[in-house]
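Letters go in sequence order (proteins before strands), and every chain restarts at 1.
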Amino acid sequence: MRVLFIHSDYLKYQTKNKTKIAEQIEPDQKEGYFKDVLVVFTAVEAEDENKSEEIVPKVIKEVEDVFKKIKAEGIVIYPYAHLTSSLSSPETAKSILNNMETILKEKGYKVARAPFGWYKSFEISCKGHPLSELSRTITPEDKIQEIEEKDIESQWYILDQGKLISPDEFEFKSEELRKLAMYELGKIKSSGEESPHVKLMREKNLADYEPSADVGHLRWYPKGRLIRDLLADYVYQLVTHEGAMQVETPIMYDLADEAIRVHAEKFGERQYRMGHSKKELMLRYACCFGAFRVLSDSFLTWKNLPVRIYELSTYSFRMEKKGEVVGLKRLRGFTMPDLHTVCQDLEQSLTEFDRQILMCKKTGEDLEVNYEVIFRATEDFYEKYKDWMHQAASKVDKPVLIEILAERKHYWICKMDFAAIDYLGRPIENPTIQIDVESGERFDITYVNEDEEEAHPIIIHCSPTGSIERVICSLLEKTAIERNEKAPMLPTWLSPTQVRLLPISERHLDFALDFAAKLKDHNIRVDVDDRVERVGKKIRNAAQEWIPYVVVIGDREVESGEITANIRKNEEKKTTDLDNLVKIIKDETSGMPFRALPLPLLVSERIAF
RNA sequence: GCCUUAGUGGCUCAGGCGGUAGAGCGAUGCCUUGGUAAGGCAUAGGUCGGGGGUUCGAAUCCCCCCUAAGGCUCCA
């Protein structure tokens, strides 16, 4: 519901024509004149439908609060559809407005209500003091329930080699796990420093803020876009290897669909809504909506299961609070690999969960990012599947943080979250696996079981890497953590330029171009710094771009055909030839996706973003 | 969203107790054809985040807004 309060010297209205939805009125309601009143312009919205019992007390409270502050003589409720683009049915609106009037009268206020569904002329004189114009959005969510949820505290443990130990007593061998535990238990102190990745993403020309979009939406430059694509290719390889089928589904959904609405409301205020005169739409916060709709319309039998549906959401949208949006770590629009696995029953989902733990663990190894693990379950689930949980945790090969929730708050009963730890010691939530016991039924996803009966499956949600942006965030943060030990860089397979050639003078350019063409034929991203600058400067610039292999081309190289590669990773100079350089890079990037360099070969032809 | 702080050439910043701006990097031009982390000289480039107000006059003072950083809170 939307409400606009105007504290006015007077309000005068006169009914003109009826609309189709006009209410019956008495002759004395045809016009009205009120002095020193709080006018409550009100629009009842689609989301208030059937929520009269929740919405009315809340709006009454708002009216009373404002009324007491401004000390007006009376209240006029004025139906005003134009405050929203998503109106409720006229019946709901009439009933809510009538209720408001009745309750306020019972409370002893002098209340009038302008007739509903009539065209009216009106004149108003706003007093103009600071409280004389106020607007409110009132939502029907049940706040009381939220408070209750917060009150139920979880139990926290470290699970190490089959033993549950209190985090206070555990002797942490991993500083990162300790930081994660302290953060989750709310015991970490903030240092007030900036996240290094924000500066790096801009400095390295990967991405930048776009002030003309909403907060938390980035523009990506060619290098950043390349890295995103390579990571997307990587996840695609990984999940298709696991038997997943890729789909693509719409980014927005109609809230008139009951299942969509209920699943969307699990996300509360963080939904991105889109107003529209006839439809109330939401932008997806994950791929669940599309995947579930596809699965709901698919014919599945027990022989098909488990079925794995994969989508990379470019984008998912979450209305994160403005003050929390930061760099690549928390965005309002982000790219999430999302794998949904349909399982016959809980037993099958546990087998799949085991596989997915290994898959998530592998991404950490492939990306060279250390993850610490939080394993969460409801108390019921933990009691029943303790043995399974302990063996599942053992797959991580190190102690994990355990949260046991008193009762199920969300759609999952068990989940495993993998988090990298950033430069400031805070977790970056990356991969996740969740067992969903609600959505099968809610979205009417069914399969035919062995007894030829229809049954609702268990669904596992899994993001093997977490959002692509957060992967990049983790990689950049890692360079900052390690900057005292080694030269910062991205893994070679993700480095935009893998080899840079530095011709010393113009007469070495042809040789360099020929060398570059050959590297390019081997699917190596190479470029040539042909600018008229000194070698020292070109070396420095290449280092600033974190280029893994830098080769100076001068008379010696042209004559001998041998080159010396400056290898950033170990700060080594290696004299070798073209074939061997190719081999070194191929070995280093083996099994990882390749894409061509989306920039001109010649550095002199590039533009500054 | 709230609290605190900030926004000055493409980038990083200096200056501002009211009299319309400076540096370094980068860019451009010329010289230098140079062997492993910044060669030299010159030139261009700014409605000082946006809008209002006070004032003869605002980058500077006041108000509102936008954006960012840190914190709070939150993270299905």
I'd like to know if the side chain of A/Tyr221 pairs up with that of A/Arg202 as donor and acceptor (distance under 3.5 Å, no hydrogens or angles considered).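 Side chains of A/Tyr221 and A/Arg202: no pair found under 3.5 Å.
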Will you find, in the side chains of A/Asp436 and A/His410, an N or O donor that is under 3.5 Å from an N or O acceptor?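 No.
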Under 3.5 Å, is there any donor-acceptor pair linking the side chain of [X] to the base of [N]?
X	N	result
A/Arg507	B/U33	no
A/Arg330	B/C74	yes
A/Glu324	B/G70	no

Could you state the [atom1]-[atom2] distance from [X] to [N], rounded to the nearest angstrom?
X	N	atom1	atom2	result
A/Glu429	B/A76	CD	C1'	11 Å
A/Leu509	B/G35	CG	C1'	17 Å
A/Lys321	B/C72	NZ	P	12 Å
A/His217	B/A68	NE2	P	11 Å
A/Lys415	B/A76	NZ	C1'	8 Å
A/Leu328	B/C75	CG	P	22 Å
A/Leu424	B/A69	CG	P	13 Å
A/Asp555	B/G35	CG	C1'	9 Å

Classify the nucleic acid contact of [X] as base, sugar-phosphate or nothing, counting any heavy atom under 4.0 Å across all strands shown.
X	answer
A/Glu193	sugar-phosphate
A/Gly554	base
A/Val550	nothing
A/Arg426	sugar-phosphate
A/Val325	sugar-phosphate
A/Ala608	nothing

Any strand counts, and the cut-off is 3.5 Å on both contacts for Watson-Crick or G-U wobble. Which nucleotide pairs with [N]?
N	value
B/U73	none
B/U60	none
B/C30	B/G40
B/A68	B/U5
B/U55	none
B/G22	B/C13

Take atom [atom1] in [N] and the same atom in [M], then report the distance between them in whole Å.
N	M	atom1	result
B/G15	B/U32	P	41 Å
B/G9	B/G50	P	10 Å
B/U55	B/U47	P	28 Å
B/U12	B/A27	C1'	16 Å
B/U67	B/U8	C1'	15 Å
B/A58	B/G51	C1'	14 Å
B/C2	B/U60	P	24 Å
B/G49	B/G7	P	8 Å

Answer yes or no: does atom CD of A/Glu441 have more than 12 heavy-atom neighbours from other residues, nucleotides or ligands under 6.0 Å?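 No, CD of A/Glu441 has 12 or fewer neighbouring heavy atoms, counting only those of other groups under 6.0 Å.
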Within the structure, does a side-chain N or O atom of A/Lys537 lie under 4.0 Å from either OP1 or OP2 of B/G26?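 For A/Lys537, the contact criterion (side-chain N or O under 4.0 Å from OP1 or OP2 of B/G26) is met.
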Under 4.0 angstrom between A/Tyr209 side-chain N/O and B/A69 OP1 or OP2: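 Yes, because at least one side-chain N or O of A/Tyr209 sits under 4.0 Å from OP1 or OP2 of B/A69.
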Measure from the side-chain heavy atoms of [X] and tell me the nearest of [options].
X	options	result
A/Met336	B/U73, B/A68, B/A76	B/A76
A/Ser505	B/U67, B/G34, B/A69	B/G34
A/Lys266	B/G34, B/A76, B/G70	B/A76
A/Ala543	B/A37, B/G70, B/G34	B/A37
A/Glu557	B/G35, B/U33, B/A38	B/G35
A/Val198	B/U36, B/G70, B/A69	B/A69

Under the ring-ring contact (aromatic ring centres under 6.0 Å, His included) test against A/His461, which residue among A/Tyr411, A/Trp412, A/Phe353 passes?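 Testing each of A/Tyr411, A/Trp412, A/Phe353 against A/His461, the sole residue satisfying ring-ring contact (aromatic ring centres under 6.0 Å, His included) is A/Tyr411.
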Which residue, A/Arg556 or A/Arg318, contacts RNA chain B at a nucleotide closer to its 5' end, judged by nearest heavy atom?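 Result: A/Arg556.
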Which comes earlier along RNA chain B counting from the 5' end, the contact point of A/Ile553 or that of A/Arg202, where each point is its nearest nucleotide?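 With A/Ile553 and A/Arg202 compared, the 5'-side residue is A/Arg202.
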Using the ring of each side chain (for Trp, its six-membered ring), is A/Tyr285 parallel, tilted or perpendicular to A/Phe267, with breaks at 30° and 60°?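 Parallel, since the angle between the ring planes stays under 30°.
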Parallel, tilted or perpendicular: which one describes the rings of A/Tyr272 and A/Phe317, with boundaries at 30° and 60°?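 Answer is perpendicular, since the angle exceeds 60°.
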Rounded to the nearest 0.5 Å, what's the gap from CD on A/Gln271 to CE on A/Met282? Could you check?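 Separation between the atoms: 5.0 Å.
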Candidates A/Glu324, A/Glu469, A/Glu429 - the one meeting salt bridge (charged side-chain N to carboxylate O under 4.0 Å, His left out) with A/Arg330: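 The salt bridge (charged side-chain N to carboxylate O under 4.0 Å, His left out) with A/Arg330 is passed solely by A/Glu324 among A/Glu324, A/Glu469, A/Glu429.
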Can you name the one residue among A/Asp529, A/Asp530, A/Asp527 that meets salt bridge (charged side-chain N to carboxylate O under 4.0 Å, His left out) with A/Arg606?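 Among A/Asp529, A/Asp530, A/Asp527, the one that satisfies the salt bridge (charged side-chain N to carboxylate O under 4.0 Å, His left out) with A/Arg606 is A/Asp527.
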